[in-house]
Amino acid sequence: MIDDDGNYGSWTPVHTGLGLPEGVSKKMRTGSLARRYAPLAALAAIQLLIIAVVPSRAPNRQAAAGATLSSGAGGGAVSAGGGATDVGAGGATPSAAGGGSTAVGGGGGPANAGGGGGTAAAGGGTTGASAPPGVNSTDTSHCVAGRTFDPKIAFYAPPCVPGTPGGKFSDNKGATWQGVTPDTITIVDYLTNYGAEVNAILQAEGLYESYSQGVVLDKAFQGFINKHFVLYGRQVKIIPYQGQCQSVPPDYQCLLPEMDKIVQTYHPYIVFWNTTLCSACYAELARDHTIGVGGDGFSDAFTNANAPFFYSGGESSSRIETAFAQFYCNQLSSANVPTRKVKWAETQNPAQNFNGQPRRLGVISTNDPDNENTVKNVLGPALARYCGDKIWHTYFYAQDINTAAQQVAAGIAAMDTPTDPANIVLCLCDPVAPAFLFEGEQDNNYYPENVIATDQSMDLDNTAQSYGPGDGGSPSLGCPAPQKGCEYDNAFGLAQWGPQQPQENDEGVRIYRDGGGQGNTPVTPITATGLAKYWVMIANLIQNAGPLLTPANMQARAPAMGTMGGGATGEELLSFAPNNWNWTQDTRVVYWSKGKTSSYNHKPGTYVQIEGNRFNLGQFPSLPDGPPIPANR
């Protein structure tokens, strides 16, 4: 390893000041494990996954990173508790949504996102990357249409970088960092052990990635990266690692030492661990000066506290909650436009028909400190600033299946108060929690508008289909009485994912086969697609860093990767910028149609995009009468 003085050897890890959950020794640090798509299949067995604890204070890691970082790229002492301001506060603050005539952020032009993330022109598309320092080659013969690989494989094919994939390089600086040698870049892919009960459910639902399946996938992803990306004389080596600790329920005394053991045993440059609620695990990897990739749904404050040792392929919770505040103020809030009223609540309870009432927003989220503090310190203040509105009620739930019934009851009670019940409810949740929420709503004859602003895969067709009836119109967890209709039938809001491609040949299938995978993917296509996108992001970061591969240099160079998607393309806007190390930047406005056929699995139920292009911060139009959702969905 390279120590803080730039010497190749070993170091004493710095501490990130982690808070600890009850019952965990101060000699340990906290964390959790969960693959992104794994929670989908646990609808009948688990409410959510894992309590994660974030650092309250993070040391400056510029020296530890082995190079001087560009402005904003360092891991300075940043609170990881969710941040005190919304994303727009770092630069030009978007204007208030006054009177319903002026859109937040000016309505059309992109607002400065606080150093966070390259806005694209309304048309979207791909912008070029610059050649890394030390690269003198002009050979682009491996590129297709100016991209690293054929964009027909995946829209996020990076801009072309000159060089020769798999070729030699005159001076790649040798062993530049832990896990980097003159010819190899080592990456560990952590494959979680959920325990026998949850594993069996995931297998039955077709959403389980076993260790053996991971081995097959990783071989194909490794082949794809080494085939297409310029790595300056090196090859990526992916090591699948089978987790030895049970993660549901989380065994904290086992999980955190295992993170340290992985670093000590394999000395990886990157540990890839795709999860939605595991902030402390990434903080632990950062403490060990190892880059962690994954962690959807964390705040910008957390991300920057652990820079340059953390990246996510999704959208930060800070950014999507700021986007929701702008969308809400421009199109839904009754505070700045009193004529706006609830209009999409279901009417199964005539004694409590919310339609026609001024909106009162309720918010449900996990009690993970990072998630909870982002609601309090980002979403709430943004609503107040943009349109003088507020969050009327909140409920922050624990991830404990043993108390699921009690928590559902408590959550509904917190929303459906006797005097001023929330008549529009936002669930900032992973894919599992909404099923329990909607079950509780229906069981309690409570029918508010249900709205989304998701960076944790609620916006996938196959996820939302699970909130409706089961096979043959049978009852399901999220819809216990389908003969009455389902709570999610009239849902709408902000989605991160673009439209899904057919599962027979989506991005994950194409990348798997192009990398040498044979036949069908060993996991479901949507699982393969989510993983493939992450592996392309990782390879893009490495290629863009150039021959001098260190965490600091990779992060300093990351904004030069260019942008893909956004705007009129219909696909996610992908880019990095100083202080924004979450790859996804924008959203689309959607409504749920239970009757239209999904492009992914050809079953009833799909999200329908409205209002034209995708929107970055400051671009949501002002609509006094709300989103143009058709009466007949």
Side-chain angles (χ1 to χ4, degrees), residues 4 11 13-20 29-33 52-67 69-70 72-83 87 114-117 177-179 188 190 255-256 259-260 262-263 268-319 368-371 373-374 455 534 537-538 541 550-556 558 576-583:
D4 293 351
W11 60 64
V14 296
H15 291 273
T16 55
L18 288 173
L20 301 176
R29 291 151 307 268
T30 62
S32 60
L33 308 122
V53 180
V54 300
S56 58
R57 234 16 212 182
N60 190 317
R61 297 194 181 91
Q62 288 186 339
L69 300 177
S70 63
V78 180
S79 169
V87 179
W177 196 258
Q178 158 192 302
V188 169
Y190 191 97
L255 291 173
L256 267 285
M259 291 293 98
D260 296 332
I262 289 171
V263 173
Y269 181 62
I270 290 172
V271 174
F272 174 45
W273 193 355
N274 197 19
T275 180
T276 57
L277 290 173
C278 191
S279 54
C281 295
Y282 295 95
E284 178 65 8
L285 290 169
R287 193 192 74 90
D288 288 338
H289 299 87
T290 302
I291 296 170
V293 173
D296 291 342
F298 299 162
S299 69
D300 288 331
F302 173 84
T303 301
N304 286 299
N306 291 283
F309 298 106
F310 177 79
Y311 297 89
S312 174
E315 188 167 4
S316 75
S317 59
S318 309
R319 192 176 193 87
D368 175 290
D370 188 59
N371 295 157
N373 289 335
T374 305
D455 52 6
Y534 256 112
M537 183 192 80
I538 290 170
L541 282 163
T550 68
N553 189 48
M554 190 168 83
Q555 188 151 98
F576 290 113
N579 297 327
N580 185 347
W581 312 117
N582 293 267
W583 206 22

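Every value quoted in this text rests on a predicted model; they were computed, and no experiment measured them.
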### Test item: Trp581 and Asn304 side chains (from C-beta on) under 4.5 Å apart, heavy atoms
yes
### Task
Check Asp368 against Ser279 and note the closest heavy-atom contact, atom names and distance.
OD2-OG, 3.7 Å
### Query
Ala283 and Phe302: which non-hydrogen atoms are nearest, and at how many Å?
N-CZ, 4.1 Å
### Task
Output yes when a side-chain donor or acceptor of Asn580 lies under 3.5 Å from a complementary backbone atom of Phe576, and no otherwise.
no
#### Entry: Inter-residue atom distance Thr374.OG1 - Phe298.CZ, 0.5 Å rounding
10.5 Å
### Task
With sequence neighbours left out, write down each residue that passes side chain to side chain contact (heavy atoms under 4.5 Å, CB included) with Ser312, or none if nothing qualifies.
Asp296, Phe310, Tyr534, Asn582
### Task
Determine the minimum heavy-atom distance between Glu315 and Asp455, stating which atoms define it.
O-OD2, 3.0 Å
### Message
With no hydrogens and no angle check, just 3.5 Å: does a side-chain donor-acceptor pair link Ser316 and Asp300?
### Response
yes
### Under the side-chain hydrogen bond (donor to acceptor under 3.5 Å, both in side chains) test, residues paired with Tyr311 that sit two or more places apart
Gln555
### Task
May I ask you to decide if Ser299's main-chain N or O and Ser317's side chain share a donor-acceptor pair within less than 3.5 Å?
yes
### Query
What are the two closest heavy atoms between Ala301 and Ser318, and how far apart are they?
N-OG, 4.5 Å
### Task
Please assess Arg287 against Asn306 for the test side chain to side chain contact (heavy atoms under 4.5 Å, CB included), listing each intermediate value before the final yes or no.
CA-CA 8 Å; Arg287 193 192 74 90; Asn306 291 283; over 6 Å; no
### Query
Does the side chain of Val271 come within less than 4.5 Å of Ile262's, by heavy atoms?
yes
#### Entry: Validation row: Tyr269, Gln178 side chains within 4.5 angstrom (heavy atoms)
no
### Query
Nearest heavy-atom pair of Ile291 and Pro308: which atoms, and what distance?
CG1-O, 4.0 Å
### Message
Against Ile270, only a single residue in Ile538, Thr290, Leu285 fulfils side-chain contact (heavy atoms from CB on, under 4.5 Å); can you say which?
### Response
Ile538
